[in-house]
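Position 1 is the first residue of the sequence; numbering continues from there.
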Amino acid sequence: MTSTATTATRPRTADMTPALGGRVGLIGDTHGDAAFLRHAATVLAARGCTSLVQLGDFGMIWRGTRMESRALAELNDVLTVLGMPLYVVLGNH
């Protein structure tokens, strides 16, 4: 009788880079304050963060207005310059 043992292994990526990048900046409850979020992204990038996670109550996509679209575009411009992706957990509003 032969026994076959199996070992669970962690899936490997080509370079084993963490999914969110090296250092993750966490921020929450921005409630649509685009200026604060842009500033926070800049500060966290200066502190070595390579990605940003907004942990609820993002508040910048409530109504789909032109003002919100403009604020999102400005935020995207800053994040692009910083080379920092933003991940958003929407929260309850």
Side-chain angles (χ1 to χ4, degrees):
M1 182 193 253
T2 39
S3 169
T4 307
T6 59
T7 305
T9 58
R10 180 177 169 187
R12 298 182 66 84
T13 60
D15 61 1
M16 292 302 289
T17 302
L20 294 178
R23 194 170 209 181
V24 179
L26 303 175
I27 189 167
D29 296 301
T30 55
H31 293 281
D33 190 341
F36 172 76
L37 190 51
R38 287 191 311 268
H39 176 73
T42 303
V43 168
L44 290 168
R47 293 181 181 179
C49 292
T50 56
S51 60
L52 182 61
V53 178
Q54 205 304 132
L55 297 169
D57 297 336
F58 184 56
M60 291 180 58
I61 52 176
W62 284 335
R63 295 175 191 90
T65 64
R66 285 186 201 171
M67 192 165 99
E68 287 174 344
S69 294
R70 188 172 50 248
L72 287 170
E74 291 170 359
L75 174 60
N76 189 54
D77 289 345
V78 169
L79 293 170
T80 298
V81 167
L82 296 173
M84 179 183 284
L86 170 66
Y87 302 91
V88 176
V89 178
L90 293 178
N92 63 339
H93 58 263

- Item | Heavy-atom closest contact (Arg47 atom, Arg23 atom, distance) | O-NH1, 3.1 Å
- Query: Could you state the interatomic distance from CG (Leu26) to CG (Leu52), rounded to the nearest 0.5 Å?
  - Reply: 8.0 Å
- Task: Decide whether Ile27 and Leu72 are clustered together by the hydrophobic rule: side chain heavy atoms of Ile, Leu, Val, Met, Phe, Trp, Tyr closer than 4.5 Å, transitively.
- Result: yes
- Message: Donor-acceptor check, side chain of Gln54 to backbone of Gly56, threshold 3.5 angstrom: yes or no?
- Response: yes
- Message: Quick check: is Val88 connected to Leu82 through a chain of hydrophobic side chains (ILVMFWY, heavy atoms under 4.5 Å apart)?
- Response: yes
- Any link between Phe36 and Met84 through a network of hydrophobic side chains (Ile, Leu, Val, Met, Phe, Trp, Tyr) touching at under 4.5 Å? yes
- Determine the sole option in Leu37, Leu86, Thr42 for which the side chain to side chain contact (heavy atoms under 4.5 Å, CB included) test with Val78 is passed. Thr42
- Which heavy atom of Ala41 sits nearest a heavy atom of Leu79, and at what distance? CB-CD2, 3.9 Å
